[in-house]
2 protein chains.
Amino acid sequence: MKQADENSAKRRRRVTAQDVADAAGVSRSAVSRAFTKGAYLDAEKRENIHKIAADLGYKPNALAASLQGSRSQLVAMFVGEMRNEYDKEVAAKMIAGLNAAHHWPVVIGGSGDAAREAVDRVLSYPLDALILRSGSLDADIVEKCAKLNIPMISSGRLLEAPNVDNVCCNNADGMIAATRYLVGQGRRKFGYIGGPEGYFSTPQRRHGVAAGLAENGLALVAEEAGDYTADSGYRAAEQLLSSGVAMDALICANDAMAFGALSALADHDISVPDDMSVIGFDDIAMAKWPAFRLTTVRNPMDLLVDTVIDLLDRRLANATRPAETIFLATELILRETH
Amino acid sequence: MKQADENSAKRRRRVTAQDVADAAGVSRSAVSRAFTKGAYLDAEKRENIHKIAADLGYKPNALAASLQGSRSQLVAMFVGEMRNEYDKEVAAKMIAGLNAAHHWPVVIGGSGDAAREAVDRVLSYPLDALILRSGSLDADIVEKCAKLNIPMISSGRLLEAPNVDNVCCNNADGMIAATRYLVGQGRRKFGYIGGPEGYFSTPQRRHGVAAGLAENGLALVAEEAGDYTADSGYRAAEQLLSSGVAMDALICANDAMAFGALSALADHDISVPDDMSVIGFDDIAMAKWPAFRLTTVRNPMDLLVDTVIDLLDRRLANATRPAETIFLATELILRETH
DNA sequence: TGGTTTTGTGCACACGTGTTCACATACAAG
DNA sequence: CTTGTATGTGAACACGTGTGCACAAAACCA
């Protein structure tokens, strides 16, 4: 009776070190030591404990262990809305990279109040760090993390604060290089499809294009703004074409909008690259698909992931290291639309 | 001196309920009560504690609280390699859905040994559940979870085990509907680009196409296999075209491969849909991009996410509920490639 | 044999929380 | 004044783990 009660009660519970200890006829300490590398325990007994533990399906509860003061290995990652393909691609790579480095990402998405509340709630876990990847969040998150002693790494935009490391693609330089190249190819009448307000990259990329043109005594002849989706790129291109302004080059603030623009140009029987050069930004996987073969500015995603994880590991190794801001170099990828 | 030591030591630690209690001049119990809904505490004192807590940046440690026996709210989600766009899209939606339902997904990606090891490690956290989304994992994960009392929900493929809920798109029916429709449109010579071996959906979709043709006394005239990426679709289509077999319809096991196939057809000046119908499967966001406007079979992602979360919540509410397997109906989406 | 070192293990504490229990205070009723 | 009843609140325990400390047993040496 009592036995049955105990069994049914245990059925609901997670197997605990005490259960293994009872089964093996040793103390709970011995079980703990059997799973702690470098701890002092008779080899034979350790093996026996491991065997019984495997049999019972025991795993030390990482959270209870983290109460001891060690790291939880949990890392929160805020990814914004993941509406465009670049964000999804980076998120996927980041998850893989964190896994490989034995950090476990608790992923938060969305925008606005819901996102703010979600991040707030997730801060109640003992996180090793918070990674901001795209999306915009209230600035007071920085203060909250500082008080909770949770290091932050921002990779979508620059967050100027002590204890916040930043990784950032050199947006302006990338656009300058693209513009220079097209000018060198003889293009003169540049149109531009920019990003939405509120994104960190929007003014930077816009500025890069303007600077690249200015150093050749040129300026944009036409301009529209999209929201970084392919649909908005299509609409923006339609708008530019219907305005009647003559263009021979169209620079887009990201690849997805460039794809949309390419479709609009095709619908208008404008040949690319004969009549018009099109250049994107990011070099997402799709850019090299046969349907697009897009000339674009590479936003180095793999390097971004590696850099973020490197900063994270170094931050965990040394909490007082001064915050760093790292800029990543872009690269012009020539395919078939320039 | 002692004061300074204490301060610098505390600087490293997370703010704790005891710290707030000291600052507020109450017991730690009072602080805990101040943050526990429905607990008994003087209203004025509760307000004061909240104020001081906000000032210090205190948040109850969710993990320490979960030791009490309550749920951790952590949910592991295995997402496979996330190589194709469908997987990324579903993962993004699932993350958003879980967040909205106040579950916090610890996301694991990858494949092979690394993935197996990562999932194994993540099981050391006190998870409320494990969601399998795509990808393939050793079958012994089911047994491990059973022993650890972690409920599982599989959505990529059917996992026949007690305590594993399944959500699955009705692959065969979707393909039957697509095939029937094309036959009704007068198509007779069907080619097929299938998925890679090892995926749960591969034989089901293949079977659906065969069944749809068989009921009209037809059979496939040509067939190739890809790996669910656009590139592989392009190569497979090239292969089919170079074989010289005449076709008037090409069914692809997913949208990404259909995109690749469309490019190959364009390169060969084969007009879609005049000379050839092309149908995909999934209806990912890109399918309606102006560049593709792909006719396809909708794999209902939003419904998938809702269903998984519903199953999760019901499982948490009732651990002994018998495992369910839910099939989701597909829908033929007619655009411009049929 | 007696003393000293090595080897192995259990006890007890700490981590941060929620909650039960007992106790103190205040106040109303008899 | 005594008794009974609300109303708050602190002390103590439990959750599952890692580890310092003490202690026992065994091995070694003289």
Side-chain angles (χ1 to χ4, degrees), chain A residues 9-10 12-49 53 56-74 121 123-128 148-150, chain B residues 9-10 12-49 53 56-74 121 123-128 148-150:
Chain A
K10 269 180 188 165
R12 303 260 156 277
R13 256 180 36 221
R14 191 183 164 101
V15 181
T16 176
Q18 186 65 57
D19 298 334
V20 178
D22 292 347
V26 296
S27 77
R28 193 189 55 73
S29 311
V31 176
S32 176
R33 275 188 258 265
F35 283 89
T36 315
K37 187 158 177 154
Y40 211 24
L41 188 64
D42 180 65
E44 191 183 350
K45 188 172 286 187
R46 163 172 265 145
E47 194 179 348
N48 184 38
I49 290 177
L56 264 56
Y58 168 74
K59 271 183 186 306
N61 181 334
L63 292 198
S66 82
L67 275 185
Q68 233 52 350
S70 62
R71 319 232 77 112
S72 71
Q73 306 292 115
L74 288 180
R121 284 183 185 245
L123 285 182
S124 55
Y125 293 88
L127 304 168
D128 284 357
L148 287 167
N149 219 341
I150 297 178
Chain B
K10 267 180 188 165
R12 302 261 155 276
R13 256 180 36 220
R14 190 182 164 102
V15 182
T16 176
Q18 186 66 57
D19 298 335
V20 178
D22 292 347
V26 296
S27 77
R28 194 188 56 72
S29 308
V31 176
S32 176
R33 274 188 262 266
F35 284 90
T36 314
K37 187 158 177 156
Y40 211 24
L41 188 63
D42 180 65
E44 190 183 350
K45 188 172 286 188
R46 161 173 264 142
E47 194 178 349
N48 184 39
I49 290 177
L56 265 55
Y58 168 74
K59 270 183 185 307
N61 182 332
L63 292 198
S66 82
L67 275 184
Q68 232 54 355
S70 61
R71 319 231 77 113
S72 71
Q73 306 291 115
L74 289 180
R121 284 185 185 244
L123 286 182
S124 54
Y125 293 87
L127 304 168
D128 284 356
L148 286 167
N149 218 342
I150 297 177

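Small disclaimer: the values here were computed from a predicted structure and weren't measured. Every heavy atom of this structure was used, including side-chain atoms; hydrogens, water molecules and symmetry mates were not. Throughout, a chain's letter reflects where its sequence line sits, starting with A, and its residues are numbered from 1.
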- Query: Do you know which two heavy atoms are closest between A:A30 and A:L41, and how far apart they sit?
  - Reply: O-CD2, 3.6 Å

- Note on the structure: Residues A:L63 and A:S66: closest non-hydrogen pair is O-OG, 2.8 Å

- Taking atom C1' of C:dA26 as reference, at what distance in whole Å does atom CG of B:D42 sit? 13 Å

- Message: Taking any heavy-atom pair under 4.0 Å as a contact, classify A:T36: base, sugar-phosphate, or nothing.
- Response: sugar-phosphate

- Message: Can you see whether A:N48 engages A:E44 through a side-chain donor-acceptor pair at a distance of less than 3.5 angstrom?
- Response: no

- Query: Contact class for B:L41 (heavy atom, under 4.0 Å): base, sugar-phosphate, or nothing?
  - Reply: sugar-phosphate

- Query: D:dA25 P sits how many Å from A:Y40 OH, rounded?
  - Reply: 17 Å

- Query: Rounding to a whole Å, what distance do you find between A:Q18:CD and D:dA14:P?
  - Reply: 13 Å

- Can you name the nearest heavy-atom pair linking A:R14 to B:Y125, along with the distance? NH1-O, 3.3 Å

- Check every strand shown and say whether A:S32 touches a base, only sugar-phosphate, or nothing at a heavy-atom separation below 4.0 Å. base

- Query: Between atom CD in B:E44 and atom P in D:dG8, what is the gap in whole Å?
  - Reply: 11 Å

Where do N or O atoms of nucleotides 14-16 of chain C meet protein N or O atoms at under 3.5 Å, pair by pair?
unit_1	atom_1	unit_2	atom_2	d
C:dC15	O2	A:Q68	OE1	3.0
C:dG16	N2	B:A64	O	3.3

- Over all atoms of both residues, closest heavy-atom pair of B:Y58 and B:T16: CE1-C, 3.5 Å

- Might you point out which heavy atoms bring A:S124 and B:K59 nearest each other, and give the distance in Å? N-CD, 3.9 Å

- Task: Could you check how far CG of B:L63 sits from P of D:dT17, rounded to whole Å?
- Result: 14 Å

- Task: Return the value, rounded to whole Å, for the distance between atom CZ of A:R46 and atom P of C:dT7.
- Result: 15 Å

- Message: Minimum heavy-atom separation for A:A34 and A:I49, please, with both atom names.
- Response: CB-CG2, 3.7 Å

- Note on the structure: Rounded to whole Å, the CD-P distance (A:Q73 to D:dG18) equals 13 Å

- Message: Would the base of D:dG8 count as contacting B:R33 through its side chain, where contact means a donor and an acceptor less than 3.5 Å apart?
- Response: no

- Phosphate OP1/OP2 of D:dG8: any B:K45 side-chain N/O under 4.0 Å: no

